[in-house]
A.B. asks: 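Below you'll find the structure I mean.
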Amino acid sequence: MSGLGELDRPDAPGSPGAGDARSQEWPTGEGTEREAGAGALGVGDVSAELAGQAAGAGAGTDPGAGTGTGTGVGPGAGRKVSARRGGADPVKALMHRHRELCERAVDPLEIAAGLEAHGVTDRTAARFRHRDVFSLAEEMYARVPRDAEPAPQPVAAGWRAEGGAWAVLALLPGTLCAATVVGLRLTEGRPRLAVAAAGAIAVAIGVRAALGRGPLHAPSPYMPGATRAWTCWLLAYALLGDGLLSAGLEGGPDGPWPLATAPVLALTLACAPAAWCARLFAVRARRRLTASRGLEEFAASAKPLLLGTFALFLCSLGALLALCAALLDESADHPGAGALGALLLLARLLTARGFTHAPSVVLGVAASAEATALAAVFAGRLPGCSFLATPVDTVVGAWGPGAVPTLVCGAAALSLLIHATRTLTRASAHALPPGPP
């Protein structure tokens with residue numbers, strides 16, 4: 001997590017024993033066996049040991065405690081227990097437990113994010129005599145022995161070092177889709193099918209290139225294949241679904257049904273504002289993380305930032321939908337495309353930060369719901385099965401064919417938005433990934 005500048009250091013560590021040289025030693029080599037018990041303790045165990053130590057101090061000193069007199073414990077064991085209690089350092093024990101995190105951290109914020117990901121809260125930090133997790137992380141970072149300043153890791157530059165490369169790539173899907181739409185308008189028959197096939201492949205490659213870098217990049221091991229399949233289905237429905245649904249309810253289709261090219265063109269063009277909004281959210285969130293002095297304080301400041309960025313993207317997508325509909329002389333009434341764009345943005349924001357399960361499930365449910373609506377319409381033609389098409393027929397008769405994707409994608413986007421306000425407002429969600437994009 002480099003590239004954030006220097007952080008304000010606390011005046012002095014607040015943990016017990018932080019100032020003496022013995023407590024600042026890294027628990028390796030000599031004395032490791034004595035500290036192993038304390039290092040393996042959890043947060044509650046360290047607090048319990050501190051409470052026991054305080055109770056022992058209040059009860060006085062047993063003259064036979066060190067020699068085992070009057071107890072069933074030998075002299076050596078008594079001295080070992082006494083030494084462990086006398087030198088208890090809960091922060092050092094926590095460092096020993098999260099040793100790998102402390103060794104690879106490039107700044108205290110990375111330790112704070114890692115501690116939060118392991119369930120350490122500001123209330124937990126109070127047990128270590130620190131006001132919040134950030135203060136605790138600063139002491140842990142300061143107490144890690146270093147022969148020299150850590151070298152900047154490759155990810156320190158990350159997508160910021162690429163300059164405008166990711167921003168240019170974000171324009172690629174929309175450009176290729178616009179060229180495909182122009183080609184479809186200028187061709188007929190088999191050449192038109194060839195242009196459509198070539199354009200679909202080109203747009204898919206452009207989307208992959210746009211998402212391969214920049215703030216929307218997600219490492220491939222964390223990207224489930226099912227998520228790609230659900231996304232392709234939802235985009236295909238935006239292009240073909242409304243026309244097929246209307247034709248199915250009217251007894252068709254008897255031939256090719258109309259395509260909705262304006263919504264798909266707007267969605268591909270929206271890759272650029274999606275990447276820019278994601279960058280805005282990432283940069284502002286990192287700044288607020290640096291300035292925050294508590295997990296709750298950061299969450300309270302990050303939530304309006306997330307909602308504001310989300311609203312900014314929706315405004316951009318709405319403008320693109322209106323513009324594309326006007327240029328292609330199509331209806332501008334495509335609320336389903338707006339709901340789909342919101343769903344895809346939230347899914348990508350979560351996936352880019354490693355939260356892959358919820359987006360995959362929600363996208364799968366949305367795609368399955370749209371497929372079920374289409375299947376119900378055609379299954380209703382079977383003898384005695386007309387009731388299957390009744391719900392879809394009722395919805396379409398009241399609000400039009402666009403109501404199906406609007407309701408499905410809108411509900412899915414709302415669920416992901418609620419999930420995102422809980423996950424993307426955590427400090428651990430903004431730790432930089434371990435490798436370059």
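Throughout, numbering of the chain's residues begins at 1 and tracks the sequence.
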A.B. asks: Kindly say whether P215 contributes a backbone atom to a donor-acceptor pair with the side chain of R279 at under 3.5 angstrom?
C.D. replies: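 Between the backbone of P215 and the side chain of R279 there is no qualifying donor-acceptor contact (under 3.5 Å).
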A.B. asks: Among L317, L363, L416, find the residue that satisfies the side-chain contact (heavy atoms from CB on, under 4.5 Å) test when tested with L344.
C.D. replies: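 Among L317, L363, L416, the one that satisfies the side-chain contact (heavy atoms from CB on, under 4.5 Å) with L344 is L363.
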A.B. asks: Give a yes or no answer on whether the side chain of W257 reaches the backbone of A247 with a donor-acceptor pair at less than 3.5 Å.
C.D. replies: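 Side chain of W257 to backbone of A247: no pair is present.
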A.B. asks: Got a list of side-chain donor-acceptor pairs under 3.5 Å for residues 297-309, not counting sequence neighbours?
C.D. replies:
from, atom 1, to, atom 2, distance (Å)
E297, OE1, R293, N, 3.2
S301, OG, E297, O, 3.3
S301, OG, F298, O, 2.9
T309, OG1, L305, O, 2.8

A.B. asks: Rounded to the nearest 0.5 Å, what's the gap from CG on L407 to CD on E370? Could you check?
C.D. replies: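 Here the interatomic distance stands at 10.5 Å.
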A.B. asks: CG of L239 to CG of L244: how many Å apart, nearest 0.5 Å?
C.D. replies: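 Answer for the CG-CG pair, L239 versus L244, is 11.5 Å.
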A.B. asks: So do L374 and Y237 actually touch side chain to side chain, heavy atoms under 4.5 Å?
C.D. replies: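 Of all side-chain heavy-atom pairs linking L374 with Y237, at least one is under 4.5 Å.
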A.B. asks: Provide the closest heavy-atom pair for G206 versus L172 in the form atom of the first, atom of the second, distance.
C.D. replies: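 Residues G206 and L172, closest heavy atoms: CA-CD2, 3.9 Å.
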A.B. asks: Any donor and acceptor pair, going by atom type alone, linking the side chain of T421 with main-chain N or O of I418 inside 3.5 Å?
C.D. replies: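 The answer is yes, because a donor-acceptor pair under 3.5 Å joins these two groups.
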A.B. asks: According to salt bridge (Lys or Arg N to Asp or Glu O under 4.0 Å), does anything in residues 171-194 pair up with another residue at least two apart or in another chain? List the pairs.
C.D. replies: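 Salt bridge (Lys or Arg N to Asp or Glu O under 4.0 Å) check on residues 171-194 returns R185-E330.
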A.B. asks: Which heavy atom in P273 sits nearest to a heavy atom in F313, and how many Å separate them?
C.D. replies: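 For P273 and F313, the tightest heavy-atom pair comes out as C-CD1, 4.2 Å.
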A.B. asks: Take a 6.0 Å sphere around CZ of R284 and say whether it holds more than 12 heavy atoms from other residues, nucleotides or ligands.
C.D. replies: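 Atom CZ in R284 is not packed in, count stays at 12 or less.
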A.B. asks: Verify the neighbour count for atom CZ of R422: are there more than 12 heavy atoms of other residues, nucleotides or ligands below 6.0 Å?
C.D. replies: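 Incorrect, the count does not exceed 12.
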A.B. asks: I'd like to know if the side chain of S415 reaches the main chain of A412, judged simply by a donor and an acceptor atom lying under 3.5 Å from each other, with no hydrogens or angles considered.
C.D. replies: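 Side chain of S415 to backbone of A412, a donor-acceptor pair under 3.5 Å: yes, one is there.
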